[in-house]
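Scroll down for the structure; my scribbles are underneath it.
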Amino acid sequence: MTAYPQIVLQNRRPGETISLEDYRRNRGYEALAKVLRECSPKEVIKTVLDSGLLGHGGAGFPTGRKWSFLAEDAPFPRYVVSNTDEMEPGTFKDRTLVSINPHTVIEGMIIASYAVSARKGFFFIRPSYDEVEGIFQKALDEARQSGFLGENILGSRHSFQVGPHRSAGRYICGEAKGLVHALEGERPHPNIEGHLTSEGLWGKPTIINNAETLAYVPHILRNGAAWFKRLGKNEAAPGNKIYSVSGRVKRPGVFELPFGTSLREILEEHAGGMQPGFEYKTCLPGGASTRYVPKGFYDVAMDFESLSKIGPGHRFGTGAIMVFDRKTCLVGATLNLIQFFSRESCGYCTPCREGLPYIQDLLWRIENGEGREEFIPLLRSMSRWMDKAYCAFAPGAATPVLGLIEDFVEEVHEHIAQKKCPFKDEAQGIGEHSP
Ligand SMILES: Cc1cc2nc3c(=O)[nH]c(=O)nc-3n(C[C@H](O)[C@H](O)[C@H](O)COP(=O)(O)O)c2cc1C
Ligand code: SF4
C-alpha cells in the first residue's frame with residue numbers, strides 16, 4: 001500500500017485522542033505562535049489563499065477567498081464557526097478527525113479568528129456526537145489552561161473564546177445559513193439574503209468553515225503555501241484530503257491521502273478492495289447528495305474538478321465514498337436516501353417540501369412492483385424542478401435520483417418489467433423500504 005505523509009491524522013492510534021503534549025511535541029501551536037508574533041491578519045489570509053485550500057464541507061470554495069471577503073472596516077463583533085454538524089448519510093470524516101486530533105481544529109479556529117479579527121467562535125456539532133463533544137471540550141480546556149485561548153493569547157493583543165454548541169439535530173442545520181439561524185435559536189430555514197461574511201450570526205460578519213478545512217490551516221501557516229499545494233496529486237487539488245469509505249469493502253474507514261488520489265487507489269489499496277463474493281458496481285463519491293459514478297470512471301481522480309468533468313451534475317462533495325456492489329439494488333438505495341431527504345426538508349419552499357415526497361412515492365412504487373415506464377420521465381422532470389428550490393439541499397437530494405435514471409436506468413426498467421425488485425432474492429438495498 002502506498003504510504004503518504006499524514007498531516008491532520010498524523011500519529012493516529014486506534015481509539016486514542018492526540019493529547020496536548022503529543023500535539024505540541026509534533027510542533028502543534030507553533031503556527032499560532034508564529035502568526036501572532038510575525039504576521040499581520042492580511043498576511044495570514046494571503047498565505048491561505050496562496051495555498052489553494054478548498055473548503056472540505058462539500059462545496060470546495062477557496063478558504064482564503066472566503067476570509068478575504070470580510071472587509072477590514074466590517075463591524076464588530078465578528079465570529080468564526082467550525083461546522084461539525086455532519087449529518088449527511090454515509091459521512092463520518094469529521095467525527096474521526098476531531099476524535100483523533102481536536103487540537104489541530106482548535107488551532108485552525110484561533111488562526112482564522114486572528115485573520116478576521118474575531119473574538120468569539122463556536123464549535124457547532126451534531127448532537128448525537130456526544131463523545132466527540134466531550135473530547136473537544138477537554139481539548140478546549142487544555143488549550144485555555146496553556147494560554148492558547150482566552151484573553152491576550154500568548155501575550156499578544158489577540159483574544160479569542162470558543163464555545164461548543166450542539167446543533168438542533170436536523171440535516172439543514174449544517175447548511176451555513178440554516179446553521180446561523182439554528183445557532184441563534186431560531187428555526188433553521190436558510191433564508192438569509194446576502195453573504196454571511198457581511199451579515200451572519202446576529203447580523204454580524206461570520207466565517208463558517210468545515211472542521212477539516214480549519215484543521216489544515218496551522219500546517220499551511222507553519223510549512224508554507226507551496227508545501228501544501230505540492231501535497232496534492234494535481235494542480236486543482238491542493239493538500240491532503242480525508243476520504244471515508246463505507247460499503248462492502250474489506251477495510252471500510254477513514255484515510256488521509258493526497259487530494260486527487262484516484263478512486264481505484266482508494267478502494268483497491270487503502271480500503272483493501274471488495275469483500276469476497278462482492279463485485280464493485282458504483283459509488284456515491286462524496287455523500288448522499290452526489291451522483292453515482294458511472295461505469296468506466298473507476299480511475300477518476302477524487303477531487304472537485306475531476307469529478308465535475310465526468311459530466312453535468314457530477315460533484316465531489318465531501319469525499320465520503322459509499323460503495324455499492326452488484327448485489328445491491330440502486331432503486332432501493334436511492335429510495336432510502338430520498339426518505340432521508342424528504343424527512344429532513346425544512347419545509348420553507350414548495351419544490352422541496354412537496355417534490356421530495358412525490359419522488360419518494362414514485363421510487364417506492366418502482367421498488368415495490370407498482371412501477372410504470374412513464375414514472376421515469378416524471379422522476380426526471382421532478383428532480384430537475386429541485387433547481388428551483390431555495391437552497392442547495394433540494395438539488396443535492398435529487399442528484400442520486402438523476403444518476404439512477406440516467407446512468408443505471410436498466411435497473412429501473414428491470415423493476416418495472418418484473419413487477420418486483422430483482423435484487424430481493426440476492427443481497428439487499430440499504431435500509432427499510434416503507435412508503
Ligand atoms: C443541506 C446541507 C447540509 C450541510 N451540512 C454541512 C455540514 O454538516 N458540515 C459542513 O461543514 N458543511 C455542510 N454544508 C455546507 C455548508 O453550507 C458550507 O458550505 C460549509 O460549512 C462551508 O465550509 P467550507 O468552506 O470549509 O467547506 C451543508 C450544506 C447543505 C446544503
Ligand atoms: S430547498 Fe428544502 S431545505 Fe432548502 S429552503 Fe427549501 S424546503 Fe428548506
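Start at 1 and go down the list; that is how both ligands and their atoms are numbered. Owing to the predicted nature of the structure, the values given are computational and were not obtained by experimental measurement.
- For ligand 2, the atoms lying closer than 4.0 Å to a non-hydrogen atom of Ile172 are 3 (S).
- Closest approach of Phe92 and Val245 over heavy atoms only: CZ-O, 3.8 Å.
- Each salt bridge (Lys or Arg N to Asp or Glu O under 4.0 Å) pair with one or both residues in residues 213-234, not counting sequence neighbours, appears once here: Lys233-Glu265.
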request  = Take Glu86 and Thr91 through the test side chain to side chain donor-acceptor pair (under 3.5 Å) and record every step on the way to the result.
outcome  = CA-CA 7 Å; Glu86 196 167 61; Thr91 310; 5.8 Å; no
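- Judged by distance alone, the side chains of Asp325 and Thr328 do bring a donor and an acceptor atom under 3.5 Å apart.
- Listed by first and then second residue, the salt bridge (Lys or Arg N to Asp or Glu O under 4.0 Å) pairs involving residues 123-135 are Asp130-Arg166, Glu133-Arg166 (not counting sequence neighbours).
- Listed for the Glu199 side chain is no donor-acceptor partner under 3.5 Å among the backbone atoms of Lys204.
- Cation-pi geometry between Arg372 and Phe375 is not met: the NZ or CZ atom fails to fall both under 6.0 Å from the ring centre and inside 45° of the normal.
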Less than 3.5 Å apart, N/O on ligand 1 and N/O on the protein: could you list those pairs with the distances?
| residue | atom | partner | partner atom | Å |
| --- | --- | --- | --- | --- |
| ligand 1 | 5 (N) | Gly174 | O | 3.4 |
| ligand 1 | 8 (O) | Glu86 | N | 2.7 |
| ligand 1 | 9 (N) | Asn83 | OD1 | 3.2 |
| ligand 1 | 9 (N) | Asn83 | ND2 | 3.4 |
| ligand 1 | 11 (O) | Asn83 | ND2 | 3.4 |
| ligand 1 | 11 (O) | Asn210 | ND2 | 2.8 |
| ligand 1 | 12 (N) | Asn83 | ND2 | 3.2 |
| ligand 1 | 14 (N) | Gly174 | O | 3.4 |
| ligand 1 | 17 (O) | Ala176 | N | 2.9 |
| ligand 1 | 21 (O) | Asn83 | ND2 | 3.0 |
| ligand 1 | 23 (O) | Asn210 | N | 3.2 |
| ligand 1 | 25 (O) | Lys66 | NZ | 2.9 |
| ligand 1 | 25 (O) | Asn209 | ND2 | 3.4 |
| ligand 1 | 26 (O) | Asn209 | ND2 | 2.9 |
| ligand 1 | 26 (O) | Asn210 | N | 2.8 |
| ligand 1 | 26 (O) | Thr213 | OG1 | 2.7 |
| ligand 1 | 27 (O) | His56 | N | 3.3 |
| ligand 1 | 27 (O) | Gly57 | N | 2.7 |

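- Around atom 6 (Fe) of ligand 2, the protein N, O or S atoms found under 2.8 Å comprise Cys349 SG.
- Residue Asp94 is tested with Asn83, Asn210, Thr318 for a side-chain hydrogen bond (donor to acceptor under 3.5 Å, both in side chains); the sole match is Asn210.
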inquiry  = Pair Ser167, Asp85 - check side chain to side chain donor-acceptor pair (under 3.5 Å), show working.
reply    = CA-CA 7 Å; Ser167 163; Asp85 202 29; 2.9 Å; yes
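- Of the candidates Phe61, Tyr243, Phe259, His56 forms a ring-ring contact (aromatic ring centres under 6.0 Å, His included) with just one, namely Phe259.
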